[in-house]
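Here's the structure, in structure tokens; my notes come after.
Fair warning: this is a prediction, and the values are worked out from it, not measured in the lab. Index from 1, following the sequence.
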Amino acid sequence: MHVNGAAFQQVVGIPHGFHDALAGQNFFGMLQKEMQQRIFLKGQLHRLTVHRNGAGNVIQRDVSKPQGGGAGWCGAGAAQHRLDAGDELHHAEGLDEVIVRAEVEAARRRFVEEGGAEEDFAPSVDGAEIQLKEQFKEYRGDLNTPAVSPYRDRPIEESLDLFARMRAGEFEDNRYTLRAKIDLASGNFNMRDPVIYRIRHMHHHRQGDKWCIYPMYDFAHPIQDALEGITHSLCSLEFENHRPLYNWVVEHVSVPHHPRQIEFARLGIDHTVLSKRKLRALVENGYVSGWDDPRMPTLCGLRRRGYTPKSIRNFCERVGVAKSPNTIPYAFLEFCLREDLNETAQRVMAVLKPVKLTITNYPEGKSEMVTVENNPNRPEDGTREVSFSRHLWIEQDDFLAEPIPKYKRLYPNGPECRLKGAYLITCTGCVKDENGNVVEILATYDPESRGGDPADGRKVKGATIHWVDAENCCDAEVRQYDNLFNDPDPDAAGKDFLACLNEKSLEVLTGCKVEASLRDAKAPASYQFMRLGYFCPDSKDCAPGHLVFNRSVSLKDSFKPGK
């Protein structure tokens with residue numbers, strides 16, 4: 001069906017206050033509570049009256065026919081047949097078709113009464129069933145040849161009948177389309193009488209099975225923007241050629257606002273994909289746990305991973321928008337998060353790959369509290385008390401039975417090392433199992449070095465090591481995330497993005513040990529696990545008694561802005 005100029009506005013008839021273009025509301029216009037229209041049944045002029053309630057639902061229909069075959073409106077002597085809602089009209093046409101035809105006829109009459117030319121209201125319906133594939137190219141034309149539509153000048157009544165039957169669900173999918181009558185010779189192919197409605201017998205998530213015709217994106221998008229009061233619709237560059245159609249729809253449909261479309265280059269980030277189609281494939285095929293998987297470049301995914309609103313805003317402000325395509329390093333997004341969390345995240349101690357440390361000269365059964373700062377960058381955040389005892393957990397990486405050059409941590413007869421906030425210790429040996437694996441590290445401590453500073457002021461050559469009290473800690477699951485793709489450009493032409501997936505993008509660690517202060521941790525809190533990175537409680541799986549933490553970002557990175 002083709003409609004020209006102002007006639008398009010009358011036929012589609014989207015009124016002010018229309019609130020759901022995509023949901024398939026009546027595009028012929030909201031009728032008054034009572035509508036009277038002339039219709040033809042079996043060659044005779046009839047009068048149709050439709051009564052609606054305040055919600056717009058049909059509560060009664062009256063059909064009158066003249067006595068003696070009068071050609072005018074039914075007079076006082078007309079025989080009237082009343083139809084309650086749900087009754088059938090036993091004539092040549094079904095009641096639904098009669099009503100839709102009457103609504104369209106009302107739109108045409110209003111158009112003519114308001115000064116429009118009758119010939120401008122000349123719709124026709126394209127029959128896709130006879131446009132064979134070989135004909136499509138011929139009909140479409142090229143830059144030097146106008147497009148062709150053999151149905152563009154179809155008689156009005158026939159076109160309206162086909163359109164009403166489309167709406168009534170008489171035809172199968174794709175058999176007919178509704179096209180806007182614009183310019184078949186336009187150099188912009190989007191303006192060559194584009195399709196704006198097509199037949200789809202699909203279940204709608206809000207309207208159910210009420211509708212079987214649905215709008216095309218280029219038609220629904222500008223209407224939705226206008227109804228929502230959007231002033232500027234920012235699109236990616238591939239929509240630049242669609243802007244004339246965007247403007248045409250806004251200008252020819254009754255909407256309260258006239259938004260402006262502006263195109264910019266897409267935001268490209270390496271080691272990921274931003275295409276909704278490809279992200280959907282990742283979700284539906286089980287490559288990720290859902291749209292909120294912490295590896296996904298979605299807002300819910302970033303939030304679950306621990307990204308803060310400030311870090312995302314800072315990232316957007318720094319990368320800006322441009323007309324030329326560009327790709328931003330994923331490391332820059334991580335830098336923005338790390339920059340924010342470095343100032344705000346509380347420091348805590350957690351051991352991800354624990355091994356027991358026993359201080360042999362510390363009294364068995366004794367326990368004491370040591371003081372640790374919450375955030376050295378924010379003295380106002382204060383300190384907290386952490387328990388200390390003879391048996392501790394430390395990282396496996398903080399001990400080597402056979403040291404390597406420049407190794408500053410624990411090994412037998414090695415240098416003194418600091419236990420964060422507690423004492424200086426010296427490794428004296430280790431205990432191994434039958435397979436040669438270290439299961440316990442032995443050390444002695446200096447009782448005069450509480451707080452990590454020796455009483456005699458001697459220089460400590462070893463490293464500072466974080467720890468957790470084995471007598472007072474919590475078990476936790478820790479999920480460490482990496483880039484979802486190994487390839488920096490998985491979205492490039494000629495590549496199968498699924499083949500670029502990083503099989504090691506998620507590492508799940510169980511049996512981790514965290515200090516007791518994290519017993520009630522919950523999202524959206526963020527913490528710096530000392531010497532390890534920034535972590536947050538998982539918003540879906542973390543609960544008291546089952547702690548789950550996601551690594552938001554590593555502690556340090558070689559990335560420098562502008563590098």
Side-chain angles (χ1 to χ4, degrees), residues 5 8-9 12 14 20-22 140-144 147 179-198 214-281 291 296-299 301-302 312-330 332-333 336 488-495 497:
F8 176 80
Q9 178 175 335
V12 178
I14 297 178
D20 199 347
L22 287 177
R140 183 174 176 82
D142 54 35
L143 292 177
N144 299 316
R179 296 174 63 183
K181 195 172 185 180
I182 305 178
D183 182 7
L184 289 178
S186 174
N188 186 336
F189 279 59
N190 295 303
M191 299 296 285
R192 293 190 175 188
D193 290 8
V195 173
I196 58 176
Y197 267 94
R198 78 284 201 203
Y214 288 90
M216 301 297 288
Y217 179 82
D218 278 340
F219 174 63
H221 176 209
I223 294 175
Q224 189 173 32
D225 284 348
L227 294 177
E228 293 177 353
I230 300 298
T231 59
H232 294 78
S233 181
L234 306 185
C235 302
S236 47
L237 289 176
E238 63 264 32
F239 287 96
E240 187 171 15
N241 290 333
H242 294 248
R243 191 197 318 154
L245 180 55
Y246 183 100
N247 294 336
W248 188 91
V249 173
V250 171
E251 292 167 1
H252 289 82
V253 176
S254 298
V255 288
H257 302 282
H258 281 202
R260 178 186 176 190
Q261 176 178 305
I262 304 177
E263 306 83 20
F264 294 96
R266 285 176 177 268
L267 170 63
I269 304 178
D270 65 12
H271 291 94
T272 190
V273 295
L274 297 177
S275 163
K276 292 188 290 294
R277 177 178 58 84
K278 293 182 177 179
L279 293 176
R280 180 179 179 181
W291 289 99
M296 291 281 280
T298 58
L299 284 178
L302 291 172
I312 296 176
R313 287 197 300 267
N314 286 342
F315 174 77
C316 294
E317 290 173 359
R318 289 173 174 179
V319 301
V321 291
K323 284 288 187 178
S324 58
N326 60 93
T327 301
I328 306 299
Y330 191 87
F332 182 60
L333 177 61
C336 292
D489 191 11
D491 213 7
K495 290 183 180 179
F497 77 104

What pairs with Y246 under ring-ring contact (aromatic ring centres under 6.0 Å, His included), at least two apart in sequence or on another chain? H221

Kindly compute the distance separating CG (L333) from CG (N314), expressed to the nearest 0.5 Å. 11.0 Å

Distance-only check: which donor-acceptor pairs under 3.5 Å involve side-chain atoms of residues 238-245, not counting sequence neighbours?
residue	atom	partner	partner atom	Å
E238	OE1	S236	OG	3.1
E238	OE2	S236	OG	3.0
E238	OE2	R266	NE	3.1
E238	OE2	R266	NH2	2.5
H242	ND1	D218	OD1	3.1
H242	ND1	D218	OD2	2.7
R243	NE	E263	OE2	3.0
R243	NH2	E263	OE1	2.7

For R318 against C336, the heavy-atom pair lying closest together: NH1-SG, 3.7 Å

Of all heavy-atom pairs between A265 and S324, which one has the smallest distance, and what is that distance? CB-O, 3.3 Å

Can you tell me if I262 has over 12 outside heavy atoms packed within less than 6.0 Å of its CD1? yes

Nearest 0.5 Å please: distance from the NE2 atom of H257 over to the CG atom of L227. 8.5 Å

How far apart are the closest heavy atoms of T298 and W291, and which atoms are they? OG1-O, 2.7 Å

Tell me, do T327 and D489 make a side-chain contact under 4.5 Å, heavy atoms counted? no

How would you list all residue pairs meeting salt bridge (Lys or Arg N to Asp or Glu O under 4.0 Å) that involve residues 268-279, not counting sequence neighbours? K278-D491

What's the separation between atom CE in M216 and atom CZ in R179, rounded to the nearest 0.5 Å? 11.5 Å

Kindly say whether I182 contributes a backbone atom to a donor-acceptor pair with the side chain of D193 at under 3.5 angstrom? yes

Check: R192 side chain, S186 main-chain N or O, donor-acceptor pair, under 3.5 Å: yes

Ignoring hydrogens and angles, tell me if any N or O in the side chain of R198 forms a donor-acceptor pair with the backbone of P215 under 3.5 Å. yes

Taking atom CG of N247 and atom CE of M191, what is their separation to the nearest 0.5 Å? 8.5 Å

Write down the atom of A322, the atom of N326, and the distance for their closest heavy-atom approach. CB-ND2, 4.0 Å

Straight-line distance of I269 CD1 to F332 CZ, nearest 0.5 Å: 10.5 Å

Could you tell me whether the side chain of F315 reaches within less than 4.5 Å of the side chain of L267, counting heavy atoms only? yes

Looking only at heavy atoms, the pair that brings N144 and D142 closest together is N-OD1, 2.9 Å

Considering non-hydrogen atoms only, spot the tightest contact between L279 and V273 and give its length. CD2-O, 3.4 Å

To the nearest 0.5 Å, tell me how far D225 CG sits from T231 OG1. 9.5 Å

